[in-house]
Every structure is written in C-alpha cells, then in structure tokens.
Amino acid sequence: MDATPGRPPHAPRIGRLPSGPRDAITDVAGVAVGHATLADGDVQTGVTVIHPHAQDPFRHKVPAAAAVVNGFGKSVGLMQLAELGQLETPIALTNTFSVAAVAQAQIAQCVRANPETGRALPTVNPLVLECNDGYLNDIQRMAVTARDYEAACAAAGADVAQGAVGAGRGMSSFQLKGGIGTASRRTAPRAGAPYTVGALVLANYGVQANLVWGGEPIGQRLAAAPEAAAEKGSIIMVLATDAPLDARQLGRLALRAAAGLARTGSVFGHGSGDIALAFSSAYTLPHLPEAPMPAVAMVHEARLDGLFQAAADSVEQAIVHALWHADPVTGRNGHRRASLREWLIHHHHG
C-alpha cells in the first residue's frame, strides 16, 4: 500500500527490472490470452486460455515444464508434460469440476484441426489446470461447456483483462476477491538481447492475516478472518519466455514462481494446489518425425539468474494485479468476496 501522503493507493510495483509494454504475459511475442466468463447468480466461473503461438500447437509444439510446489490439485496433462517436455494444446484454466469438459473440448479442437488424431496420428495430451471456486460458484452445476472453451480461444489476443474474469470469475484470494493477474519483466543477460518473462496467475489461495502487499504485511489489519485459518484454495502460475530454454531449464524457471508466491505471504499450505508451468516461444518442436528438429543455442546455465529474478518478480506482480483488479462478486447462496482495492482506498481516505 502506498504510504505517500495525499497520494491515492495504487498497485505496488515489484522489483527493479523493467516491464514489457503491456506488463503482461503477452509481452512475449506470439502469446495470446482469451477469457470466457459465466456470471449469473450462483454460477460465477469461466475459462481462460493461453495460446503459446498462432500455429497449430499439436503440429508445432513448444518446450515446457511444470513445477508442482504443492500437489493438492486435479489438473490434467501434467504427466505427459513431465515425460516429453512439450505443450501440444493451448493452456486452459478453469474450475476443478470443469476440467473434464474443457479437456474434452481440447481433444475435439485438435481432432477438427487434425482429423487423424488418435488414428493414424497419436492421441493429443490436453492440458487443463484448475482451482476450486466453490465458495462463490455453484461448482456442482459444472456449468462450463466446450462452447465456453471455444469462446475463450476465439477471444484470445494481446490485451489481457484481469481480476474477476474468465477462470478467475469465482476465485477467492486471502478471503478477498481473487482471479486473473498478469505481468512481465525484461532482463538483459551478460551477452545478447534482453529476454522477456511474462506471468499469468489464477489466484485462489492465501490466509488473510498473512497477506503481504508489495513488501508490506497488511493482512493483520484486514482482520476479516481468524489468524489460524487453514491455507487452502490453490494458485496456477504460468510463465512464458522468449529465452531459448530446453524443458529441463524451463522446469528450473517454473520453480522460481514459488519465490514470487512466497513473498505475498503463502506457505504453500496443505490444502493449496500450487502449480507452476513455464514454456518458451523461442522455437517449436515438429510433430512429424520427418521434419527437422530445431538447432537452437540454449541459454547457458550460469546466465539463468536474471530469468529467475524476472520469473519471481513477474509472478508477485501478477498476484498483485489479480487482487488489485478484482471487483467484488456475490455468488452462490449470497456469498460475497470484497475487493482489496476498495478496502485500500477506503482506509486511505479514512
């Protein structure tokens, strides 16, 4: 929270590294994000889709890796991702009980583009990551459909809406309104051009008393939840970079998302599914074995620290943005989550 006298509160800026022009994951060239939002009474949920590039991801795969910070989660697709180190669908985010519907939509999407999928061609590995939005959303309704996934894909672009949109519509964070946040940081290695790391988070985690806001422990002052409350909920953290990294290096990068998460007051609690995923847009991997594999000079291990710093800072900033942009939402059974931004403004004027 900004302590400058007379200056209204604003979202704090994290770290010293410069941002990209949008301060979003889409500052990594080619990356696009789309949302489909369902907001109707007890149904407060949605889908968010991240496209790594504009080509068919099944035929032009990108290197990727995940880091399971705390595995209390029900995502689909992480096992093959760990084995092969490749994405072959867009990355989809949704609520826990809609994972199956969105995975089926991804499979159908791939079959439409590649009719021999599962026949002459191998099957496709859908990738759907989730958080439980059941406090605000009637999750048992399983309201998300293939049409919502397709709408999110169709809406994808460089401008990223944040807060209570898409998969973030019904999410809660620190017993406040959570949701979608994004940010980016640029870093110059010792040789060559600067690289960009972009983050997008689905924030649905945190104990309110533990909230740290841009380095300031404001959670104790919020006092809307008991200090001994269990940390549960989850967060999905997606990192994109234009740095040429292989899948093993991307696994190392993904793990640094946890550094940014921890700064906000998370201890990766027992009931919180904290999952990070990182991919590189620097090259693609062909589906067909007849196509040549790319000959790419990877970043040296000793030069990864700048990218690690960018990952930690962009994740923390994305979480800040998710909380700052989230408007209050009333959902299932009249449950309500307030806006942290409104609380900060009220207490600034008060």
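All values below come from the heavy atoms of this structure, side chains included, with hydrogens, waters and symmetry mates left out. Throughout, numbering of the chain's residues begins at 1 and tracks the sequence.
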>> One pair to check against side-chain contact (heavy atoms from CB on, under 4.5 Å): Leu200 and Ile236. What are the steps and the verdict?
In response: CA-CA 8 Å; Leu200 184 143; Ile236 305 300; over 6 Å; no

>> The test is side-chain contact (heavy atoms from CB on, under 4.5 Å); show your working for Val33 and Thr182 and say whether it passes.
In response: CA-CA 10 Å; Val33 175; Thr182 190; over 6 Å; no

Ignoring hydrogens and angles, state whether a donor on the side chain of [X] or [Y] is under 3.5 Å from an acceptor on the partner side chain.
X: Arg337; Y: Ser172; result: yes
X: Asp313; Y: Gln309; result: yes
X: Asn95; Y: Thr45; result: yes

>> Pair Asn114, Thr117 - check side-chain hydrogen bond (donor to acceptor under 3.5 Å, both in side chains), show working.
In response: CA-CA 6 Å; Asn114 303 277; Thr117 303; 4.7 Å; no

If you define the side chain from C-beta out and look only at heavy atoms, does anything of [X] sit under 4.5 Å from [Y]?
X: Tyr283; Y: Asp246; answer: yes
X: Leu222; Y: Trp343; answer: yes
X: Ile180; Y: Leu202; answer: yes
X: Leu121; Y: Phe58; answer: yes
X: Arg22; Y: Val160; answer: no
X: Leu245; Y: Leu304; answer: yes
X: Pro217; Y: Leu211; answer: no
X: Leu250; Y: Thr241; answer: yes

Whether over 12 other heavy atoms sit under 6.0 Å from [X] [atom1]:
X: Gln140; atom1: CD; result: no
X: Arg336; atom1: CZ; result: yes
X: Glu301; atom1: CD; result: yes
X: Asn333; atom1: CG; result: yes
X: Arg112; atom1: CZ; result: yes

When rounded to the nearest 0.5 angstrom, what is the spacing between [atom1] in [X] and [atom2] in [Y]?
X: His335; Y: Tyr135; atom1: NE2; atom2: OH; result: 5.0 Å
X: Phe279; Y: Leu87; atom1: CZ; atom2: CG; result: 7.0 Å
X: Ser98; Y: Gln104; atom1: OG; atom2: CD; result: 11.5 Å
X: Thr264; Y: Leu323; atom1: OG1; atom2: CG; result: 8.0 Å
X: His60; Y: Leu288; atom1: NE2; atom2: CG; result: 8.5 Å
X: Leu285; Y: Lys61; atom1: CG; atom2: NZ; result: 9.0 Å

> Strictly under 6.0 Å, is that where the ring centroids of Tyr205 and Phe268 end up?
Replying inline: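 So the answer is no for these two rings.
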
> Hey, what else clusters with Phe97 if you join Ile, Leu, Val, Met, Phe, Trp, Tyr whenever side-chain heavy atoms sit under 4.5 Å?
Replying inline: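 Listed partners: Ile139, Met142.
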
> With His300, which residues qualify under ring-ring contact (aromatic ring centres under 6.0 Å, His included), at least two apart?
Replying inline: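 So His300 forms no ring-ring contact (aromatic ring centres under 6.0 Å, His included) with any residue.
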
When you measure from the side chain of [X] to the backbone N and O of [Y], does any donor-acceptor pair fall under 3.5 Å?
X: His51; Y: His53; value: no
X: Thr48; Y: Ala167; value: yes
X: Ser339; Y: Pro328; value: no
X: Ser266; Y: Ala262; value: no
X: Ser234; Y: Gly273; value: yes
X: Gln86; Y: Pro63; value: no
X: Thr284; Y: Val62; value: no
X: Thr94; Y: Gly46; value: yes
X: His35; Y: Ala161; value: yes
X: Ser272; Y: Gly269; value: no

>> Salt bridge check, Arg185 against Asp27: does any charged N sit closer than 4.0 Å to a carboxylate O?
In response: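 Salt bridge absent between Asp27 and Arg185.
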
> Salt bridge between Arg13 and Glu316, side-chain N to carboxylate O under 4.0 Å?
Replying inline: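 The answer is no: the pair does not qualify as a salt bridge.
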
Do you reckon [X] sits in the same ILVMFWY cluster as [Y], going by side-chain contacts under 4.5 Å, direct or chained?
X: Val76; Y: Val102; result: yes
X: Leu127; Y: Val49; result: no
X: Ile319; Y: Leu253; result: yes
X: Leu129; Y: Met237; result: no

> What orientation do His270 and Phe72 show, parallel under 30°, tilted 30 to 60°, or perpendicular over 60°?
Replying inline: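 The arrangement is perpendicular - the two ring planes meet at more than 60°.
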
>> Before you tell me yes or no, could you show the steps for Asp40 and Arg141 under salt bridge (charged side-chain N to carboxylate O under 4.0 Å, His left out), namely the whole-Å CA-CA distance, both residues' side-chain angles and the distance that decides it to 0.1 Å?
In response: CA-CA 12 Å; Asp40 183 11; Arg141 294 268 289 273; over 6 Å; no

>> With side-chain hydrogen bond (donor to acceptor under 3.5 Å, both in side chains) as the criterion, how do Tyr149 and Gln109 come out once you've worked through the C-alpha distance, each side chain's angles and the decisive distance to 0.1 Å?
In response: CA-CA 10 Å; Tyr149 170 76; Gln109 181 184 54; 2.7 Å; yes

> Hey, mind stepping through Thr96 and Glu130 against side-chain hydrogen bond (donor to acceptor under 3.5 Å, both in side chains) and telling me if it holds?
Replying inline: CA-CA 5 Å; Thr96 308; Glu130 55 74 33; 2.6 Å; yes

>> If you apply the rule side-chain contact (heavy atoms from CB on, under 4.5 Å), what do you find for Ile218 with Leu344, and how did you get there?
In response: CA-CA 10 Å; Ile218 68 170; Leu344 291 169; 4.2 Å; yes

>> Please identify which of these residues, Ile275, Leu261, Asn204, meets the side-chain contact (heavy atoms from CB on, under 4.5 Å) condition with Ile235.
In response: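 Answer after filtering Ile275, Leu261, Asn204: Leu261.
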
> Given Val315 and Ile14, is the side-chain contact (heavy atoms from CB on, under 4.5 Å) satisfied, shown in steps?
Replying inline: CA-CA 9 Å; Val315 165; Ile14 305 302; over 6 Å; no

> Do Ser19 and Arg186 pass the side-chain hydrogen bond (donor to acceptor under 3.5 Å, both in side chains) test, and can you show the C-alpha distance, the side-chain angles, and the key distance before you say yes or no?
Replying inline: CA-CA 6 Å; Ser19 307; Arg186 303 191 75 205; over 6 Å; no

